[in-house]
Peer 1: 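Here it is, the structure in full.
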Amino acid sequence: MKVNGDVAKITVSQSDLSRALNISRQRISQLIQEKIFLRDDTDPTGGIFLFESLRNYYLRQVEKSGEDYFKVKAQHEEVKKQLNELKLQERQGELYDAADVESALAGVVVTLRTNLLALPAKFSTQLEGKSRAEIYKILNSEIEDKLQEISQLRVEDLKTD
């Protein structure tokens, strides 16, 4: 198509613009209402200025995608910052890997179980002939000692690697 004259004055119909941009006529009408697409008020058929309307449409698309890009970029940077903070906490011994904690906890449970199951064998002869109060006091003291030992353990103490 050869164009002579002022390119800024070329007008097209809503249908032609709709087909060219592959958007609905309803969307074209919305964009006219939003003043993105500009009508030629002197055109009795209601033509739309092609050049100015496409420029506005393109700038709006760039603006929208730019906002999305910077929003996503900011979110990405925030996530990177949080990951770096977590790595630093891990290096400083303030944060532990879940697998290490699970392993340590399993070790604590096994140790506690072993210690508690050993109590009857350890005290069976010592408790013979003692009163209930004495038996309670001895067993309670031993259990508290074992619990105190376990409460002093740290994840680093229980790591196997």
Side-chain angles (χ1 to χ4, degrees), residues 12 14-38 48-161:
V12 293
Q14 281 190 17
S15 299
D16 289 340
L17 192 55
S18 170
R19 280 193 300 275
L21 296 176
N22 196 25
I23 57 177
S24 69
R25 288 193 64 199
Q26 291 81 8
R27 184 65 184 136
I28 299 287
S29 295
Q30 287 175 341
L31 292 168
I32 290 170
Q33 289 174 352
E34 294 172 21
K35 307 275 190 237
I36 301 299
F37 290 162
L38 306 174
I48 300 169
F49 287 114
L50 181 63
F51 181 77
E52 188 69 20
S53 296
L54 288 180
R55 187 176 71 74
N56 291 345
Y57 184 71
Y58 171 75
L59 290 174
R60 181 175 181 175
Q61 296 305 102
V62 168
E63 183 179 287
K64 284 173 62 178
S65 66
E67 287 176 14
D68 293 344
Y69 169 79
F70 290 116
K71 183 178 177 183
V72 169
K73 178 85 170 153
Q75 290 170 343
H76 176 71
E77 291 301 317
E78 180 61 28
V79 168
K80 280 177 30 180
K81 176 184 168 195
Q82 290 172 356
L83 287 174
N84 285 332
E85 287 173 1
L86 291 174
K87 286 178 185 175
L88 177 62
Q89 286 178 327
E90 186 175 16
R91 286 185 182 139
Q92 293 174 338
E94 298 172 4
L95 185 69
Y96 300 101
D97 186 71
D100 291 340
V101 174
E102 287 176 15
S103 175
L105 186 57
V108 167
V109 170
V110 168
T111 302
L112 180 61
R113 182 181 184 277
T114 303
N115 286 335
L116 291 178
L117 288 175
L119 290 178
K122 181 177 180 182
F123 290 103
S124 60
T125 56
Q126 294 176 15
L127 297 176
E128 196 173 321
K130 304 265 185 193
S131 70
R132 279 187 172 181
E134 291 174 311
I135 293 171
Y136 175 82
K137 183 178 177 182
I138 293 169
L139 287 177
N140 192 48
S141 175
E142 185 66 20
I143 289 170
E144 284 183 8
D145 286 347
K146 296 302 177 190
L147 291 174
Q148 183 64 30
E149 284 176 28
I150 288 173
S151 72
Q152 301 299 318
L153 294 176
R154 298 180 340 172
V155 174
E156 296 89 10
D157 301 333
L158 298 168
K159 282 187 178 179
T160 57
D161 52 31

Peer 1: Could you list all the salt bridge (charged side-chain N to carboxylate O under 4.0 Å, His left out) pairs where at least one residue sits in residues 103-120, not counting sequence neighbours?
Peer 2: none
Peer 1: Sequence neighbours excluded, which residues qualify as side chain to side chain contact (heavy atoms under 4.5 Å, CB included) partners of Glu149?
Peer 2: Lys146
Peer 1: What residues form a side chain to side chain contact (heavy atoms under 4.5 Å, CB included) with Gln148, not counting sequence neighbours?
Peer 2: Ser151, Gln152
Peer 1: Show me, pair by pair, the donor-acceptor contacts under 3.5 angstrom made by side chains of residues 124-134, not counting sequence neighbours?
Peer 2:
from, atom 1, to, atom 2, distance (Å)
Ser124, OG, Pro120, O, 3.4
Ser131, OG, Glu134, N, 3.3
Ser131, OG, Glu134, OE1, 3.4
Glu134, OE1, Ser131, N, 3.0

Peer 1: Can you list the residues that meet the side chain to side chain contact (heavy atoms under 4.5 Å, CB included) rule with Lys35, with sequence neighbours excluded?
Peer 2: none
Peer 1: Looking at residues at least two apart in the chain, or sitting in another chain, which of them share a side chain to side chain donor-acceptor pair (under 3.5 Å) with Glu94?
Peer 2: none
Peer 1: My understanding is that only residues two or more places apart in sequence, or in another chain, count here; which of them pass side chain to side chain donor-acceptor pair (under 3.5 Å) with Glu144?
Peer 2: Asn140
Peer 1: For Val110, does its backbone N or O pair with a side-chain atom of Thr114 as donor and acceptor, under 3.5 Å?
Peer 2: yes
Peer 1: Taking atom types as modelled and ignoring hydrogens, do the side chains of Gln89 and Glu85 form a donor-acceptor contact shorter than 3.5 angstrom?
Peer 2: no
Peer 1: Applying side chain to side chain donor-acceptor pair (under 3.5 Å), can you list everything that pairs with Asp16, at least two apart in sequence or on another chain?
Peer 2: Ser13, Arg19
Peer 1: With a 4.5 Å limit on heavy-atom distance, are the side chains of Leu119 and Ile143 in contact?
Peer 2: yes
Peer 1: Excluding sequence neighbours, so at least two apart, what forms salt bridge (charged side-chain N to carboxylate O under 4.0 Å, His left out) with Lys80?
Peer 2: Glu77
Peer 1: Please identify each residue that fulfils side chain to side chain contact (heavy atoms under 4.5 Å, CB included) with Ile28, with sequence neighbours left out.
Peer 2: Gln14, Leu17, Ser18, Ile23, Ile32, Phe37, Ile48
Peer 1: Name all residues meeting the side chain to side chain donor-acceptor pair (under 3.5 Å) criterion together with Glu102; count only those two or more places apart in sequence or in a different chain, and write none if there are none.
Peer 2: none
Peer 1: What residue pairs, at least two apart or across chains, pass ring pair (Phe, Tyr, Trp, His ring centres under 6.0 Å) with a residue in residues 108-134?
Peer 2: none
Peer 1: Is the closest basic N to carboxylate O distance between Glu90 and Lys87 below 4.0 Å?
Peer 2: no
